[in-house]
Every structure is written in structure tokens, then in C-alpha cells.
2 protein chains.
Amino acid sequence: MDVAEARFDAFNALCPSRRLLDTIGDKWASLVIVALGLEGPLRYSRLATRIDGVSQKMLTQTLRGLERDGLVTRTVTPSVPVRVDYALTPLGLSLLGTLRHLKDWAEEHMPQVDAARAAYDRGDRV
Amino acid sequence: MDVAEARFDAFNALCPSRRLLDTIGDKWASLVIVALGLEGPLRYSRLATRIDGVSQKMLTQTLRGLERDGLVTRTVTPSVPVRVDYALTPLGLSLLGTLRHLKDWAEEHMPQVDAARAAYDRGDRV
DNA sequence: CGGCATCCTGTGAGATACTG
DNA sequence: CAGTATCTCACAGGATGCCG
């Protein structure tokens with residue numbers, strides 16, 4: 001297994017695209033980025049309500065990951081009670097631009113995907 | 001739970017970007033698309049060797065999904081033994097272009113992400 | 001308010017063996 | 001050659017309860 005694992009690690013290390021996809025492919029991560037992009041800096045509690053269906057655990061976990069990756073900043077205001085704001089970094093902001101490309105493709109082509117899917121499920125044969 | 005689930009479905013239905021991310025965020029799906037993009041049509045067995053570490057099960061499952069979504073075609077040649085070729089559709093090809101945008105961002109910015117990550121793990125505080 | 005620690009569960013990936 | 005079928009097991013992720 002050592003050999004396989006070594007190859008796998010090398011593969012990941014050498015493939016930035018793959019690692020990017022791992023990041024934005026994450027359901028909550030992409031939603032957080034978009035939310036912060038649309039509304040600017042947000043408090044934790046506000047993010048929680050803006051992103052429908054996310055659990056505390058996943059929100060926190062996602063934010064930690066994004067912070068670690070330098071995509072968002074975490075600002076603690078030590079008032080009582082505590083206030084924590086999250087915002088996109090310039091890096092996160094540039095990623096937002098790339099996400100827009102994806103969005104464009106999606107809005108232009110997903111209907112075709114839907115049609116293909118419906119046809120496939122109907123069992124259409126050429 | 002009905003309410004929550006209903007909202008969730010509506011959310012997914014109304015958000016093409018999210019569904020696109022679900023597709024290309026899938027590890028094997030994106031690798032298959034890129035492999036077919038780089039080398040043109042490929043047989044099942046060739047895909048299996050080109051995509052390092054994929055299991056039969058996941059490869060088949062991934063290809064079925066991509067075929068269903070109209071991104072790849074599956075062509076069976078009923079010789080003995082059977083021969084099956086997979087190729088990108090025009091739709092899949094256009095998606096490949098979008099993936100290139102992602103790749104560009106990744107190659108330009110992932111080093112920054114790596115740096116941020118290393119700093120975070122080192123425990124650097126501002 | 002904004003978390004972390006703990007427990008619990010379901011999905012889904014991998015290994016293995018069999019088939020048209 | 002190109003799959004399908006079955007099992008097992010790990011881990012992502014939800015629920016809950018406590019803390020600074």
C-alpha cells in the first residue's frame with residue numbers, strides 16, 4: 001500500500017486544480033464564500049441564518065478551513081458577549097470571480113444537463 | 001423535517017451552480033473529464049489505468065453519472081470480447097473549458113493558499 | 001454569542017468474487 | 001473486457017450538552 005499512497009500524495013501535491021476542487025467542491029465552503037461575497041463581512045450568527053441548513057459544527061469547521069487557507073479572515077471583538085466577524089480576504093475575493101465563471105456555465109448549460117438526465121431516466125435509446 | 005427538506009430541494013433546484021459543483025467536485029468525475037479531454041476517446045480499461053487509484057466500482061459509477069448528465073457518450077462495440085469507448089460530448093467539452101479557468105486560478109493562487117496554510121499551522125499570530 | 005467535546009448514525013468507498 | 005453483486009468498515013456529519 002505504501003507505493004499506492006505515495007503516488008496518491010504526489011498526485012495531490014502536484015495537482016493544484018484537484019485541491020481547489022476539494023475546497024470549493026465542499027458544499028458549505030462555497031456557500032460561505034458566496035454569502036460573504038454578496039453581503040460583505042458577516043457575523044457568525046448571521047452566516048448561520050443566511051446559509052440555510054448548516055449545522056453549527058459544519059459552519060465552524062468550514063470557517064476554520066477557509067481561514068486556514070487564507071480565504072477568509074476571522075475578527076474577534078472581545079465585547080460581552082463576544083462578537084466574531086468573517087470577511088473575504090483579497091484571495092477569497094479573487095476566487096469569487098472564478099466561481100462566477102462556473103456560475104455562468106451552470107446557468108447556460110445546466111438545462112441541457114437536466115434534459116439529458118430526464119431522457120436517460122426515461123430510458124430513451126438512440 | 002418535511003419543511004426543512006422541502007426548502008433544501010427548492011434550494012438545489014434553484015441553484016445550478018451548486019449542482020455543477022456537485023458534479024465536478026466529485027473527485028473521479030473531474031478526473032475522467034480531464035482525461036478524456038486530454039486524450040480523446042478512451043476505452044474503459046484504458047481509463048482505469050490512466051486514472052490512478054480508481055476502483056472498478058467508482059469508475060463505472062462515475063461514468064454512468066457523466067453519461068446520464070450528457071457529458072460523455074458510451075459506445076459499445078459488440079465484438080468478442082466486448083469493447084466500450086467513452087468520449088466527451090460537446091457539452092462535456094465546453095465544461096472542460098470552464099475547468100481550465102479553475103485550473104488557471106489554482107496554478108496562480110494555490111501557492112498563496114499553501115503559504116497561508118503553513119502559517120496557520122505554525123500558529124503564526126498577526 | 002460563538003464556539004468545542006462527545007456521542008451516534010447513515011452513506012458511501014474499497015476489496016473481493018462472480019458473469020455475459 | 002467490462003462490468004455487477006455483496007460485504008465491510010470508516011468517517012462525514014447531525015444532535016446534544018457544556019463553557020468562556
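Nothing here was measured: the structure is a model prediction, and the numbers come from that model. Every chain is numbered from 1 and lettered A, B, ... according to where its sequence line falls, protein lines coming before strand lines.
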* Asked: Partners of A:Asp114 by salt bridge (charged side-chain N to carboxylate O under 4.0 Å, His left out), sequence neighbours excluded?
  -> B:Arg19
* To do: Identify, with sequence neighbours excluded, every residue that meets salt bridge (charged side-chain N to carboxylate O under 4.0 Å, His left out) alongside B:Glu39.
  =>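 Salt bridge (charged side-chain N to carboxylate O under 4.0 Å, His left out) list for B:Glu39, sorted by chain: B:Arg50.
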Set of residues satisfying side chain to side chain donor-acceptor pair (under 3.5 Å) with respect to [X], sequence neighbours excluded:
{"X": "A:Arg43", "result": "none"}
{"X": "B:Thr60", "result": "B:Tyr44"}
{"X": "A:Arg83", "result": "A:Asp85"}

Phosphate oxygens OP1/OP2 of [N]: is one of them under 4.0 Å from a side-chain N or O of [X]?
{"X": "B:Arg46", "N": "D:dC1", "result": "no"}
{"X": "A:Arg74", "N": "C:dG2", "result": "no"}
{"X": "B:Tyr86", "N": "D:dC1", "result": "no"}
{"X": "A:Arg83", "N": "C:dG3", "result": "no"}
{"X": "A:Arg64", "N": "C:dG2", "result": "no"}
{"X": "A:Arg43", "N": "C:dC1", "result": "no"}

Got a list of protein N/O to nucleotides 16-18 of chain D N/O distances below 3.5 Å?
none

* Asked: Would a 4.5 Å heavy-atom cut-off, applied to side chains only, mark B:Arg68 and A:Asp121 as touching?
  ->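 Yes, side chains in contact.
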* **Min side-chain heavy-atom separation A:Leu47-A:Leu36 under 4.5 Å** => yes
If I take atom [atom1] in residue [X] and atom [atom2] in nucleotide [N], what distance separates them, rounded to the nearest angstrom?
{"X": "B:Asp26", "N": "C:dT11", "atom1": "CG", "atom2": "C1'", "result": "14 Å"}
{"X": "A:Leu63", "N": "C:dC1", "atom1": "CG", "atom2": "P", "result": "17 Å"}
{"X": "A:Gln61", "N": "D:dG13", "atom1": "CD", "atom2": "P", "result": "7 Å"}
{"X": "B:Leu47", "N": "D:dA2", "atom1": "CG", "atom2": "C1'", "result": "12 Å"}
{"X": "A:Trp28", "N": "D:dG14", "atom1": "CH2", "atom2": "C1'", "result": "11 Å"}
{"X": "B:Asp85", "N": "D:dA2", "atom1": "CG", "atom2": "C1'", "result": "12 Å"}
{"X": "A:Leu59", "N": "C:dC1", "atom1": "CG", "atom2": "P", "result": "15 Å"}

Do any side-chain atoms of residues 94-103 of chain B form donor-acceptor pairs under 3.5 angstrom with protein atoms, and if so which ones, sequence neighbours left out?
| from | atom 1 | to | atom 2 | distance (Å) |
| --- | --- | --- | --- | --- |
| B:Ser94 | OG | A:Trp105 | NE1 | 2.9 |
| B:Ser94 | OG | B:Leu91 | O | 2.9 |

* Using the closest heavy atom to pick a nucleotide of DNA chain C for each, name whichever of A:Tyr44 or B:Val82 lands nearer the 5' end. =>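 The residue mapped nearer the 5' terminus is A:Tyr44.
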* **Residues B:Arg18 and B:Asp22 bridged, charged N to O under 4.0 Å** => yes
* **B:Val84 side-chain proximity, nearest of D:dG3, C:dC4, D:dG13** =>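 Of the candidates, D:dG3 comes closest.
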* Tell me which nucleotide among C:dG2, D:dA2, D:dT4 gets nearest to the side chain of B:Ser45. => D:dA2
Side-chain donor-acceptor pairs under 3.5 Å in residues 70-77 of chain A, sequence neighbours left out?
| from | atom 1 | to | atom 2 | distance (Å) |
| --- | --- | --- | --- | --- |
| A:Thr73 | OG1 | A:Ala87 | O | 3.4 |
| A:Arg74 | NE | A:Tyr86 | OH | 3.1 |

* Asked: Between the two end axes of the helix from C:dC1-D:dG20 to C:dG20-D:dC1, each built from 5 base pairs, what angle do you get to the nearest 10°?
  ->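 Here the helix ends are tilted 50° relative to one another.
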